[in-house]
K.L.:
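One structure follows; several queries about it will come next.
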Amino acid sequence: MREDPIVTDDRPSIDDPLADKASPDGRAEGRMSTRSKRMLRRTARRITSWTRMVAIVPSIGLLILGFALSVKTLMAAIDVTIDGVVLGHDSILGVAARYIEYADLFLLSVALYLMSLGLFTLFVSDRIPLPKWLRFSDFDDLKERLISVICVMIGVFFLGRVLEASISGIDLLWLGLASSVVICALTVFVKLVIDHRAE
(Lines give C-alpha, C1' and ligand atoms only; values in the text may rest on other atoms or scores of the structure.)
Protein backbone atom coordinates (compact mmCIF):
# COMPACT_ATOMS: atom_id res chain seq x y z
CA MET A 1 0.00 0.00 0.00
CA ARG A 2 1.52 3.33 -1.15
CA GLU A 3 1.58 6.16 1.35
CA ASP A 4 0.74 9.66 0.20
CA PRO A 5 3.67 12.12 0.37
CA ILE A 6 3.58 14.57 3.22
CA VAL A 7 3.40 18.16 1.99
CA THR A 8 4.91 20.72 4.35
CA ASP A 9 3.91 24.39 4.26
CA ASP A 10 6.79 26.69 5.15
CA ARG A 11 4.56 29.78 5.24
CA PRO A 12 4.07 31.08 8.79
CA SER A 13 0.67 30.60 10.23
CA ILE A 14 -1.47 33.31 11.66
CA ASP A 15 -0.66 32.24 15.16
CA ASP A 16 3.07 32.04 14.50
CA PRO A 17 4.83 34.82 16.47
CA LEU A 18 7.57 34.98 13.88
CA ALA A 19 5.09 36.21 11.32
CA ASP A 20 4.84 39.59 13.04
CA LYS A 21 8.59 40.01 12.88
CA ALA A 22 8.75 39.67 9.11
CA SER A 23 10.61 42.54 7.45
CA PRO A 24 8.41 45.00 5.47
CA ASP A 25 8.79 45.27 1.74
CA GLY A 26 9.67 49.01 1.83
CA ARG A 27 6.32 50.40 0.72
CA ALA A 28 5.45 51.77 4.15
CA GLU A 29 8.81 53.50 4.42
CA GLY A 30 8.34 54.95 0.94
CA ARG A 31 4.94 56.33 1.87
CA MET A 32 6.30 57.87 5.05
CA SER A 33 9.19 59.47 3.19
CA THR A 34 6.77 60.86 0.61
CA ARG A 35 4.55 62.27 3.34
CA SER A 36 7.51 63.82 5.11
CA LYS A 37 8.65 65.46 1.87
CA ARG A 38 5.18 66.88 1.33
CA MET A 39 5.11 68.20 4.88
CA LEU A 40 8.50 69.84 4.42
CA ARG A 41 7.37 71.44 1.18
CA ARG A 42 4.21 72.79 2.76
CA THR A 43 6.17 74.13 5.72
CA ALA A 44 8.71 75.80 3.41
CA ARG A 45 5.91 77.38 1.38
CA ARG A 46 4.25 78.72 4.51
CA ILE A 47 7.48 80.15 5.83
CA THR A 48 8.27 81.74 2.46
CA SER A 49 4.77 83.18 2.16
CA TRP A 50 5.13 84.87 5.54
CA THR A 51 8.75 86.02 5.24
CA ARG A 52 8.13 87.66 1.88
CA MET A 53 5.95 90.17 3.74
CA VAL A 54 9.21 91.76 4.87
CA ALA A 55 9.24 93.49 1.47
CA ILE A 56 6.20 95.51 2.55
CA VAL A 57 8.37 97.72 4.75
CA PRO A 58 10.80 98.94 2.03
CA SER A 59 7.93 99.11 -0.46
CA ILE A 60 5.91 101.45 1.73
CA GLY A 61 9.04 103.39 2.69
CA LEU A 62 10.01 103.99 -0.94
CA LEU A 63 6.45 105.05 -1.74
CA ILE A 64 6.48 107.59 1.08
CA LEU A 65 9.89 108.91 0.03
CA GLY A 66 8.78 109.29 -3.59
CA PHE A 67 5.61 111.10 -2.57
CA ALA A 68 7.47 113.41 -0.15
CA LEU A 69 10.08 114.23 -2.77
CA SER A 70 7.39 115.00 -5.34
CA VAL A 71 5.54 117.34 -2.98
CA LYS A 72 8.73 119.10 -1.88
CA THR A 73 9.88 119.54 -5.49
CA LEU A 74 6.48 120.89 -6.51
CA MET A 75 6.56 123.45 -3.70
CA ALA A 76 10.06 124.55 -4.70
CA ALA A 77 9.00 124.80 -8.37
CA ILE A 78 6.03 126.98 -7.43
CA ASP A 79 8.32 129.20 -5.36
CA VAL A 80 10.78 129.59 -8.23
CA THR A 81 7.95 130.32 -10.65
CA ILE A 82 6.55 133.08 -8.47
CA ASP A 83 9.99 134.55 -7.76
CA GLY A 84 11.41 134.32 -11.28
CA VAL A 85 8.44 134.58 -13.60
CA VAL A 86 5.87 136.64 -11.71
CA LEU A 87 8.18 138.94 -9.77
CA GLY A 88 10.98 138.89 -12.34
CA HIS A 89 13.85 138.40 -9.88
CA ASP A 90 15.63 135.86 -12.09
CA SER A 91 16.45 135.50 -15.77
CA ILE A 92 14.63 133.11 -18.03
CA LEU A 93 17.69 130.90 -18.38
CA GLY A 94 18.06 130.73 -14.62
CA VAL A 95 14.42 129.72 -14.25
CA ALA A 96 14.82 127.13 -17.01
CA ALA A 97 17.89 125.69 -15.30
CA ARG A 98 15.98 125.39 -12.04
CA TYR A 99 13.10 123.72 -13.87
CA ILE A 100 15.52 121.17 -15.32
CA GLU A 101 16.75 120.40 -11.81
CA TYR A 102 13.19 119.92 -10.62
CA ALA A 103 12.47 117.65 -13.56
CA ASP A 104 15.45 115.57 -12.46
CA LEU A 105 14.04 115.38 -8.95
CA PHE A 106 10.63 114.40 -10.29
CA LEU A 107 12.28 111.60 -12.24
CA LEU A 108 13.98 110.47 -9.06
CA SER A 109 10.61 110.34 -7.32
CA VAL A 110 9.30 108.26 -10.22
CA ALA A 111 12.26 105.89 -9.80
CA LEU A 112 11.41 105.52 -6.11
CA TYR A 113 7.81 104.81 -7.01
CA LEU A 114 8.87 102.17 -9.54
CA MET A 115 11.06 100.48 -6.93
CA SER A 116 8.20 100.50 -4.45
CA LEU A 117 5.73 99.12 -6.97
CA GLY A 118 8.19 96.52 -8.22
CA LEU A 119 9.00 95.18 -4.74
CA PHE A 120 5.33 94.98 -3.83
CA THR A 121 4.41 93.23 -7.07
CA LEU A 122 7.27 90.74 -6.96
CA PHE A 123 7.09 89.78 -3.28
CA VAL A 124 3.68 90.61 -1.84
CA SER A 125 0.96 90.48 -4.48
CA ASP A 126 0.86 90.52 -8.28
CA ARG A 127 -2.88 91.10 -8.51
CA ILE A 128 -2.59 94.85 -8.79
CA PRO A 129 -4.20 96.00 -12.06
CA LEU A 130 -1.33 97.58 -13.99
CA PRO A 131 -0.80 98.46 -17.64
CA LYS A 132 1.24 96.01 -19.64
CA TRP A 133 4.31 98.25 -19.83
CA LEU A 134 4.36 98.59 -16.03
CA ARG A 135 4.11 94.92 -15.08
CA PHE A 136 6.99 93.23 -13.31
CA SER A 137 7.55 89.52 -13.83
CA ASP A 138 11.02 89.35 -12.28
CA PHE A 139 13.90 91.49 -11.04
CA ASP A 140 15.17 92.02 -14.58
CA ASP A 141 12.01 93.95 -15.46
CA LEU A 142 12.49 96.15 -12.41
CA LYS A 143 16.17 96.78 -13.22
CA GLU A 144 15.38 97.59 -16.85
CA ARG A 145 12.84 100.25 -15.93
CA LEU A 146 15.10 101.74 -13.29
CA ILE A 147 18.01 101.90 -15.71
CA SER A 148 15.87 103.70 -18.27
CA VAL A 149 14.88 106.30 -15.67
CA ILE A 150 18.49 106.69 -14.53
CA CYS A 151 19.66 107.30 -18.11
CA VAL A 152 17.06 110.04 -18.53
CA MET A 153 18.07 111.55 -15.19
CA ILE A 154 21.73 111.71 -16.28
CA GLY A 155 20.76 113.46 -19.52
CA VAL A 156 18.56 115.92 -17.67
CA PHE A 157 21.34 116.60 -15.16
CA PHE A 158 23.80 117.38 -17.94
CA LEU A 159 21.29 119.69 -19.63
CA GLY A 160 20.78 121.52 -16.35
CA ARG A 161 24.53 122.15 -16.00
CA VAL A 162 24.62 123.49 -19.55
CA LEU A 163 21.75 125.91 -18.93
CA GLU A 164 23.17 127.04 -15.62
CA ALA A 165 26.52 127.81 -17.26
CA SER A 166 28.13 126.93 -13.95
CA ILE A 167 30.81 124.95 -15.77
CA SER A 168 32.22 125.50 -19.22
CA GLY A 169 35.09 124.55 -21.46
CA ILE A 170 37.00 121.41 -20.67
CA ASP A 171 35.01 120.76 -17.48
CA LEU A 172 31.77 120.66 -19.42
CA LEU A 173 33.38 118.34 -21.96
CA TRP A 174 34.52 115.93 -19.25
CA LEU A 175 31.07 116.00 -17.67
CA GLY A 176 29.48 115.17 -21.02
CA LEU A 177 31.92 112.34 -21.66
CA ALA A 178 31.36 110.90 -18.19
CA SER A 179 27.60 111.06 -18.63
CA SER A 180 27.88 109.38 -22.03
CA VAL A 181 30.07 106.59 -20.65
CA VAL A 182 27.63 105.86 -17.84
CA ILE A 183 24.63 105.82 -20.21
CA CYS A 184 26.46 103.56 -22.67
CA ALA A 185 27.50 101.18 -19.89
CA LEU A 186 23.93 100.93 -18.62
CA THR A 187 22.62 100.38 -22.16
CA VAL A 188 25.14 97.59 -22.77
CA PHE A 189 24.18 96.03 -19.46
CA VAL A 190 20.53 95.98 -20.48
CA LYS A 191 21.25 94.55 -23.93
CA LEU A 192 23.81 91.93 -22.97
CA VAL A 193 22.61 90.83 -19.54
CA ILE A 194 18.90 91.49 -19.11
CA ASP A 195 17.79 90.90 -22.72
CA HIS A 196 20.04 87.83 -22.96
CA ARG A 197 18.39 86.28 -19.91
CA ALA A 198 14.96 87.02 -21.35
CA GLU A 199 15.82 85.06 -24.49
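Model, not experiment: these values are computed from the prediction. Quick note: numbers below take in every heavy atom, side chains included, and nothing from hydrogens, waters or symmetry partners. Position 1 is the first residue of the sequence; numbering continues from there.
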K.L.:
Please tabulate, for the side chains in residues 101-111, all donor-acceptor contacts under 3.5 angstrom to protein atoms that are two or more places apart in sequence or on a different chain.
P.N.:
residue : atom : partner : partner atom : Å
E101    : OE2  : R161    : NH2          : 3.0
Y102    : OH   : R98     : NH2          : 3.0
S109    : OG   : S70     : OG           : 3.1
S109    : OG   : F106    : O            : 2.5

K.L.:
Going from CD1 on I92 to OH on Y99, what distance comes out if it is rounded to the nearest 0.5 angstrom?
P.N.:
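Between I92 CD1 and Y99 OH, I get 7.5 Å after rounding to 0.5 Å.
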K.L.:
Starting at OG1 of T121, measure out to CG of L114 and round the result to the nearest 0.5 Å.
P.N.:
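Those atoms lie 10.5 Å apart.
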K.L.:
How close do S59 and F120 get, heavy atom to heavy atom, and via which atoms?
P.N.:
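Result for this residue pair: OG-CB, 3.4 Å.
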K.L.:
Give, for atom CD1 of I78 and atom CG of L74, the distance between the pair rounded to the nearest 0.5 Å.
P.N.:
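It is 4.0 Å, given to the nearest 0.5 Å.
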K.L.:
Under 4.5 Å between side-chain heavy atoms, chaining through other members, with only Ile, Leu, Val, Met, Phe, Trp and Tyr counted: pull out the rest of the cluster around I170, sorted by chain and number.
P.N.:
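Members alongside I170: L173, W174, L177.
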K.L.:
Could you work out, with side-chain hydrogen bond (donor to acceptor under 3.5 Å, both in side chains) as the rule, every residue matching S180, not counting sequence neighbours?
P.N.:
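Listed in chain order: nothing, the list is empty.
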K.L.:
F123: what forms a ring pair (Phe, Tyr, Trp, His ring centres under 6.0 Å) with it, not counting sequence neighbours?
P.N.:
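Partners of F123 under the ring pair (Phe, Tyr, Trp, His ring centres under 6.0 Å) test: F139.
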K.L.:
Between F189 and I147, does the side chain to side chain contact (heavy atoms under 4.5 Å, CB included) criterion hold? Intermediate values first, please.
P.N.:
CA-CA 9 Å; F189 175 77; I147 288 173; 3.5 Å; yes
K.L.:
Quick check for you: to the nearest 0.5 Å, what is the distance between L119 atom CG and L63 atom CG?
P.N.:
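If we round to the nearest 0.5 Å, L119:CG and L63:CG are 11.5 Å apart.
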K.L.:
Under the 4.5 Å side-chain heavy-atom rule for ILVMFWY, direct or indirect, which residues accompany M75?
P.N.:
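Traced through the cluster, M75 reaches F67, V71.
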K.L.:
Membership question, hydrophobic clusters at under 4.5 Å side-chain separation (ILVMFWY): are L93 and V162 in the same one?
P.N.:
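Looking at the clustering, L93 is in a separate group from V162.
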K.L.:
So which heavy atom on M115 is nearest to which on L142, and how close?
P.N.:
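Looking at all heavy atoms of both residues, the closest pair is CA-CD1, 4.1 Å.
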K.L.:
Can any side-chain N or O of S116 pair as donor or acceptor with the backbone N or O of L112 at less than 3.5 Å?
P.N.:
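Checked: no pair found.
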K.L.:
Taking it one step at a time, do V152 and V156 satisfy side chain to side chain contact (heavy atoms under 4.5 Å, CB included)?
P.N.:
CA-CA 6 Å; V152 176; V156 171; 4.2 Å; yes
K.L.:
Among all residues two or more places apart in sequence or in another chain, which pass the salt bridge (charged side-chain N to carboxylate O under 4.0 Å, His left out) test with R145?
P.N.:
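Residues passing salt bridge (charged side-chain N to carboxylate O under 4.0 Å, His left out) with R145: none at all.
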K.L.:
How close do I154 and S179 get, counting heavy atoms only, and between which atoms?
P.N.:
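Answer, listing the atom of I154 first, then S179: CG2-CB, 3.5 Å.
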K.L.:
Hey, could you give me the NZ/CG distance between K191 and L186, rounded to the nearest 0.5 Å?
P.N.:
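Between K191 NZ and L186 CG, I get 13.0 Å after rounding to 0.5 Å.
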K.L.:
Quick one: are L175 and F157 in side-chain contact, heavy atoms under 4.5 Å?
P.N.:
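A side-chain contact exists here, since the closest heavy-atom pair is under 4.5 Å.
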